Amino acid sequence: MSKVGVVQLQRRLDGLLAFLNPHWDFVNCHMVNYLTDHHWEGFLSETLKSEIAGKEDVALAIEDLFWKTDESVRFPAWREFLGKSKQERLALHPELLTSVEELIEGQENSTQLSIREFMSAKKCHEVELAAALVDQLVKNSGRECFIVDAGDGKGYLSSRLALQYGHRVLGIDANAANTENALNRNRKLQRAWNGLTERAELQVQGITPKRRGKKSPARESSKSAPALENYKTTAKFITTELNFGALLAEHFTQLGPEDSPNICLTGLHTCGNLAATCLQVFHAQSDCHLLCNVGCCYHLLRERYSQQEFFGNKALMELQTDYGFPLSQYLRERQVRMGRNARMLAAQSIERTVDAKELPNVTLYYRALLEILVHRHAPQLKNELQVGKVRKFESFEEYIQKCATKLDAPWLTAVKKEELQSLLQEYALDRHFLDLFYLLRMSFAPVLESLILLDRLLYLKELGYEHSYLIDLFDPVISPRHFAIVSIKRQTQP
């Protein structure tokens, strides 16, 4: 099955770029500069601005355009603009997507066990669905596989694949502390596994299990404990030069140094460039026959045509030798550039925001006010100040005090209370307009993510991997990064 071709993907990317080209400055603007750079005046068309006269219109627009699902005749220009943006989202183009049912022909309708211990409800949702998909891909391949979990982290996915499905898994993470923590977590999970699976099976049957810690009068479980030997970890930075076959031979004694294992390369929320690297590894290493990857943290992608960018983790970024965007030859020929702020926006979730009816935290408004103070008192720091997260404050004055302490900024400590109060009064109305601007900009998030994901899919198709698919795997409200890229090498492919 292969229903999406190179030309079809190119045409969709053409449509995306045609829509985005007039708005690159908008999606790359920084909310920190909302007040100092006059974003409302600078980025909104006169038609859009004319429909919002004041605070009351802002509140109505947010309610009508974002929180409600019913149609309204108010704010027609806004409705038209948002409608055009929505039409560019990947979710609105089902012809480009493949369902799990379509991908796994003759899929067993086995009940997925919901085991929530040792992880959050969000992670439980992701791990259950991702592990089931990887298991089915391996089974349908008809080959005995070793699974490599890229960016293993705490071992959530690896543990499930090893314990529930019995696969041999090698978790690879650049952070040595993560690999050790993953093994410790797996040991705890292994000891509790039989009890957890029995509880999950009872819940599937509609039976409420006894409270944990109290032994059931029923006979001891006949199940044997799952083998710990089928899950290993190693601390490595993944590149196309890292030999997965040799690594597997080091950790699994049943493999000889000359063996060529069949590898399924997977990764659940592989951060930044790692997702793109996984696609490149899949192509570079002939032993990799299956790929199942869910990426995240688009702001950490290394762009081929972007200008100098700030990255918090410079040590990690310096290890990255390959570019993560664009991957496809089609977009490389066009030298498509997104920009870091656009990639940060691509990682946000309009679905979750709308579901929770969540306006931006007051910190965003306060940070924009702080930038005004920077312009007034420390202009040499304009667009340079990195504040980060500030927690537990009750007022703007307290927020500024915490920033001054955190930044060790005497100039900020010296700002008078009267100036802070005057600033709040002067820009009180702007806070409401900022909320609406924030939501309008966030409506572009799934459009920008579509560009990144379609570039990855096209990259695989260009290389001849026609059995490559985009799958809407998770609930977008629960898990904002919900698309998986799957690719299957056939016997005749390299």
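Predicted, not measured: the structure shown is a model, and the values here were computed from it.
What you find for S306 and G339 is that their closest heavy atoms are OG-CA, 4.3 Å. Between S450 and L90 the shortest heavy-atom distance is OG-N, 2.9 Å. Residue L327 comes nearest to A276 through the heavy atom pair CD1-CB, 3.9 Å, listed as atom of the first residue, atom of the second, then distance. What you find for I62 and L359 is that their closest heavy atoms are CD1-CD2, 4.0 Å. A pairwise comparison of heavy atoms in S487 and F282 identifies OG-CE2, 3.3 Å as the closest pair. Across every non-hydrogen atom of V477 and R352, the tightest pair is O-NE, 3.1 Å.
A donor and an acceptor atom, one from each side chain of Q425 and Q421, are nowhere located under 3.5 Å apart. Checking D475 against H482 by side-chain atom types alone, no donor-acceptor pair falls below 3.5 Å. In the model, N273 has no side-chain atom that pairs as donor or acceptor with a side-chain atom of D322 under 3.5 Å. Counted by atom type alone, S395 and E398 present zero donor-acceptor pairs between their side chains at under 3.5 Å.
E419 and R376 are joined by a salt bridge, as a carboxylate oxygen and a charged side-chain nitrogen come within less than 4.0 angstrom of each other. A salt bridge links R367 with E371: the distance from a Lys NZ or Arg NE/NH1/NH2 to an Asp or Glu carboxylate oxygen falls below 4.0 Å. One finds a salt bridge joining R481 and E449 here, because a Lys/Arg side-chain nitrogen approaches an Asp/Glu carboxylate oxygen to under 4.0 Å. Salt bridge present: E41 and K49 bring a charged side-chain N and a carboxylate O closer than 4.0 Å. Of the charged side-chain nitrogens involved, at least one lies within less than 4.0 Å of a carboxylate oxygen, so that R11 and D14 count as a salt-bridged pair.
Surrounding NZ of K68 are more than 12 heavy atoms belonging to other residues, nucleotides or ligands, all under 6.0 Å away. The 12-atom threshold is not exceeded at CD of E394, counting heavy atoms of other residues, nucleotides or ligands nearer than 6.0 Å. In this structure, K406 places its NZ atom where more than 12 heavy-atom neighbours from other residues, nucleotides or ligands lie under 6.0 Å away.
Listed for the N28 side chain is a donor-acceptor partner under 3.5 Å among the backbone atoms of A342. Formation of a donor-acceptor pair under 3.5 Å by the N21 side chain with backbone atoms of L17 is found in this model. A donor-acceptor pair is defined here as one N or O able to donate and one able to accept, closer than 3.5 Å; no such pair exists between the side chain of H299 and the backbone of G272. No donor-acceptor distance shorter than 3.5 angstrom exists from the side chain of N293 to the backbone of I485, with no hydrogens or angles considered. No donor-acceptor pair under 3.5 Å is formed between the side chain of Q10 and the backbone N or O of Y330. Under a 3.5 Å cut-off, the side chain of Y305 and the backbone N or O of R332 do form a donor-acceptor pair. Under the 3.5 Å distance criterion, the side-chain polar atoms of E462 are matched with a main-chain donor or acceptor of Q329.
Ring centers of F19 and F444: under 6.0 Å apart, within the cut-off. The distance between the ring centers of F81 and H23 falls below 6.0 angstrom.
The ring pair (Phe, Tyr, Trp, His ring centres under 6.0 Å) with F433 is formed by just one residue from the set Y438, W40, Y365; it is W40. Applying the side-chain contact (heavy atoms from CB on, under 4.5 Å) test between I147 and each of C264, C292, S158 identifies C264 as the sole match.
A tilted orientation is assigned to the rings of Y399 and Y366, their planes being inclined by 30° to 60°. Ring planes of F437 and F43: tilted class, angle from 30 to 60°. The aromatic rings of H39 and Y34 sit perpendicular to each other, their planes meeting at more than 60°, with 30° as the lower class boundary.
The shortest distance between side-chain heavy atoms of K123 and K154 does not fall below 4.5 Å. Between Q136 and V100, every side-chain heavy-atom pair lies at or beyond the 4.5 Å cut-off. Taking the side chain as every heavy atom from C-beta outward, L268 and Y156 never approach each other to under 4.5 Å. Side-chain contact between V32 and N383 is absent, with no heavy-atom pair separated by less than 4.5 Å. By the 4.5 Å heavy-atom criterion applied to side chains, L345 and Q348 are counted as neighbours. Inter-residue side-chain proximity for W24 and R337 is flagged as unmet; no heavy-atom pair is nearer than 4.5 Å. Using a 4.5 Å heavy-atom cutoff, the side chains of L20 and L448 are in contact. Contact annotation: the side chain of L97 approaches that of F483 to within less than 4.5 Å [non-hydrogen atoms, C-beta and beyond].
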Next item on the list: Please lay out, stage by stage, how E128 and R160 fare under the test side-chain contact (heavy atoms from CB on, under 4.5 Å).
Entry: CA-CA 8 Å; E128 286 174 10; R160 183 61 67 93; 3.5 Å; yes
Margin query: Set out, in order, the CA-CA distance, both residues' side-chain angles and the distance that settles side-chain contact (heavy atoms from CB on, under 4.5 Å) for S328 and K461, then state yes or no.
Written below: CA-CA 9 Å; S328 67; K461 298 279 188 177; over 6 Å; no
Next item on the list: Step by step, work out the salt bridge (charged side-chain N to carboxylate O under 4.0 Å, His left out) result for K84 and E80.
Entry: CA-CA 6 Å; K84 288 179 179 178; E80 180 183 3; 3.5 Å; yes
Next item on the list: Just do the side-chain contact (heavy atoms from CB on, under 4.5 Å) check on N33 and K382 with the steps written out, would you?
Entry: CA-CA 9 Å; N33 306 115; K382 287 193 296 186; over 6 Å; no
Next item on the list: For the pair V27 and N341, evaluate side-chain contact (heavy atoms from CB on, under 4.5 Å) and give the outcome as yes or no after the intermediate values.
Entry: CA-CA 7 Å; V27 296; N341 285 345; over 6 Å; no
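Atom-to-atom distance recorded for L385:CG and C403:SG is 8.0 Å, nearest 0.5 angstrom. Atoms CG and CH2, from L65 and W78 in turn, are 7.5 Å apart once rounded to the nearest 0.5 Å. With rounding to the nearest 0.5 Å, the separation of CZ in R343 from CG in L300 is 8.0 Å. Distance check: F393 CZ to T363 OG1 gives 3.5 Å after rounding to the nearest 0.5 Å. Rounding to the nearest 0.5 Å places NZ of K402 at 13.0 Å from CD of E397. The CZ atom of R12 sits 13.5 Å away from atom CG of L457, with the distance rounded to the nearest 0.5 Å.
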